[in-house]
Number of protein chains: 2
Amino acid sequence: MADVHSAQIQGGETLLFLTDEQLRQGIEAMFFAYRGFTADPDLILQEMAYGRAHHRAMHFIQCAPGTTVNNLLAILGVTKQSLNRVLRTLIEDGLVESRVGRLDKRERHLFLTETGQGLEQRLSDVQRTRMRAAYRQAGPEAVAGFRKVLETMMDTEMRRQCKALREGRG
Amino acid sequence: MADVHSAQIQGGETLLFLTDEQLRQGIEAMFFAYRGFTADPDLILQEMAYGRAHHRAMHFIQCAPGTTVNNLLAILGVTKQSLNRVLRTLIEDGLVESRVGRLDKRERHLFLTETGQGLEQRLSDVQRTRMRAAYRQAGPEAVAGFRKVLETMMDTEMRRQCKALREGRG
DNA sequence: TTGGAATGTCAACAAGGCTGACTTAAAGTG
DNA sequence: CACTTTAAGTCAGCCTTGTTGACATTCCAA
């Protein structure tokens, strides 16, 4: 990327000279890329009258089986009423199982059933396929950079979220 | 990024060995990063009873002043009814101006008023600030890679969109 | 035993997508 | 000129997914 200028300073510190135009392009790229990134799962979800909210819930349950509702709320950053509506349909439809906690019986531990795992697999398959294609086209160095910037943005977001959690709990 | 393995093949062709886990991390990173990326403008928009839809419209009008409604529809990928609802309030509130086309009087050309430019500036400022911070933290090489992967994903999306346009028009 | 935390539920509402039907005006075409 | 197509706007109604607020239940812990 020739239009990202950088200057190496004495001690390894790096200054980036980024014009507003370059940043604007990055912003637009995020918009279009995110849209492409959700397009494939959206098609599958539409078939079965589910939405992105269902996908997100299943994704994070798959990723952390046995997680509690509160945990999921914190990760997803929505209200419990919003999440509950989604979880209820998933449980009714037999995609998610909610087990009462052994240690703390108020808590519900969430798991994907076999059916749920099947759908989650289908959804993440198409998403991974698309991401793999983009990775392959861009090359390994670009992928490393992509992940680094995204993880930096993600960390910032996670920190903001944790801060919000702490403030919320007093 | 040590966990992205690559193997250089004879003619400069590169194979990426990406595990499902690595791709999953990329997917999650997109989710969290996108959320972080929209968080700041959302706060400002909330103050004035606007939403992301208004932001997107203003962004692309600012980026291509004089664009037509149909153009904007194609870029945003929403229905004209959806866009119209947003445009109507922006025009009523004096942020967007709609001028009848000189060449083709059916068309309306869209511009941001001074007030509109002011708000758009405020919104993109906070977004650029966040992006600049992430860029700076990740370093110039990472930024180049980030943009390359995103542009690849974006191109894919834009091609899909153009294809849809062509098919839609017969 | 009482306070607070975790969960779930009901109701109402808003933003922002969608479809379908329809109008108006302008442009293109036979 | 008559007809069709196109650009834009509008109305009505629907869906998903977010929000608040109020409230019940259950259970842990002081």
Side-chain angles (χ1 to χ4, degrees), chain A residues 31 34-35 38-39 41-58 66-92 96-110 164-165 168-170, chain B residues 31 34-35 38-39 41-43 45-58 61 66-92 96-110 164-165 168-170:
Chain A
F31 168 67
Y34 192 77
R35 196 165 67 182
T38 53
D42 282 357
L43 284 177
I44 295 174
L45 290 159
Q46 209 175 352
E47 286 173 22
M48 30 196 53
Y50 288 141
R52 260 180 227 178
H54 301 84
H55 184 187
R56 286 199 286 267
M58 284 192 286
T67 187
T68 63
V69 173
N70 242 17
N71 258 328
L72 211 48
L73 284 179
I75 292 169
L76 294 172
V78 298
T79 58
K80 74 179 166 172
Q81 292 91 330
S82 248
L83 176 59
N84 192 254
R85 180 167 38 199
V86 165
L87 278 182
R88 193 167 37 200
T89 70
L90 289 174
I91 291 168
E92 278 170 7
V96 167
E97 200 194 330
S98 162
R99 293 185 208 151
V100 173
R102 278 180 311 168
L103 224 123
D104 184 337
K105 291 178 190 166
R106 290 168 304 178
E107 293 179 341
R108 304 298 139 94
H109 298 277
L110 302 167
L165 261 178
R169 297 186 172 212
Chain B
F31 168 67
Y34 192 77
R35 195 166 68 183
T38 53
D42 281 357
L43 284 177
L45 289 159
Q46 210 175 352
E47 285 174 22
M48 30 196 53
Y50 289 141
R52 261 180 225 177
H54 302 83
H55 184 187
R56 286 198 288 266
M58 283 192 288
I61 293 172
T67 188
T68 64
V69 173
N70 246 13
N71 256 327
L72 209 50
L73 284 179
I75 291 168
L76 295 172
V78 297
T79 59
K80 77 178 165 174
Q81 292 92 327
S82 256
L83 176 58
N84 193 252
R85 180 167 38 198
V86 164
L87 277 183
R88 193 165 39 199
T89 69
L90 289 174
I91 291 168
E92 277 169 8
V96 166
E97 199 193 332
S98 162
R99 292 184 209 151
V100 172
R102 278 180 311 166
L103 223 123
D104 185 336
K105 290 178 191 167
R106 289 171 305 179
E107 293 179 339
R108 302 299 140 90
H109 298 277
L110 302 168
L165 260 178
R169 297 187 174 213

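Here is how names work: the chains are called A, B, and so on, in the same order as the sequence lines, proteins then strands, and each is numbered from 1.
- When the P atom of D:dG18 is taken as reference, atom CZ of B:Arg52 falls 10 Å away, rounded to whole Å.
- Other residues, nucleotides and ligands place no more than 12 heavy atoms under 6.0 Å from the CD atom of A:Gln46.
- Of all non-hydrogen atoms in B:His109 and B:Gly101, the two that sit nearest each other are CD2-CA, 3.3 Å.
- The separation between B:Asn84 atom CG and C:dC22 atom P is 19 Å, rounded to whole Å.
- In this structure, of C:dT9, C:dT7, D:dA8, it is C:dT9 that holds the atom nearest to the side chain of A:Arg88.
- Here B:Asn70 does not reach the OP1 or OP2 of D:dT6: none of its side-chain N or O atoms lies under 4.0 Å away.
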What does the list of N/O pairs under 3.5 Å between the protein and nucleotides 19-22 of chain D look like, with a distance for each?
from   : atom 1 : to      : atom 2 : distance (Å)
D:dT19 : OP2    : A:Thr79 : N      : 2.7
D:dT19 : OP2    : A:Thr79 : OG1    : 2.9
D:dG21 : O6     : A:Gln81 : NE2    : 2.9

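- Between B:Leu83 and B:Leu76, the closest side-chain pair of non-hydrogen atoms falls below 4.5 Å.
- Residue B:Arg99 places none of its side-chain N or O atoms closer than 4.0 Å to OP1 or OP2 of D:dA8.
- Within the structure, salt bridge (Lys or Arg N to Asp or Glu O under 4.0 Å) pairs that include any residue of residues 41-58 of chain A comprise A:Asp42-A:Arg52, A:Glu47-A:Arg122 (at least two apart or interchain).
- OP1 or OP2 of D:dT17 lies within a sub-4.0 Å distance of a side-chain N or O belonging to A:His54.
- Counting heavy atoms from C-beta on, the side chains of A:Leu90 and A:Tyr50 come closer than 4.5 Å.
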If the sugar-phosphate is the primed atoms plus P, OP1 and OP2 and the base is the rest, what is the B/S/- string for nucleotides 25-30 of chain D, using protein heavy atoms under 4.0 Å?
-> -BBS--
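- Note that the OG1 atom of B:Thr68 and the CG atom of B:Asp104 stand 9.5 Å from one another [nearest 0.5 Å].
- Salt-bridge formation is not detected for the pair B:Lys105/B:Glu107: no Lys NZ or Arg NE/NH1/NH2 atom is positioned less than 4.0 Å from an Asp or Glu carboxylate oxygen.
- A distance of 9.5 Å separates OG1 of B:Thr79 from CG of B:Asn84, quoted to the nearest 0.5 Å.
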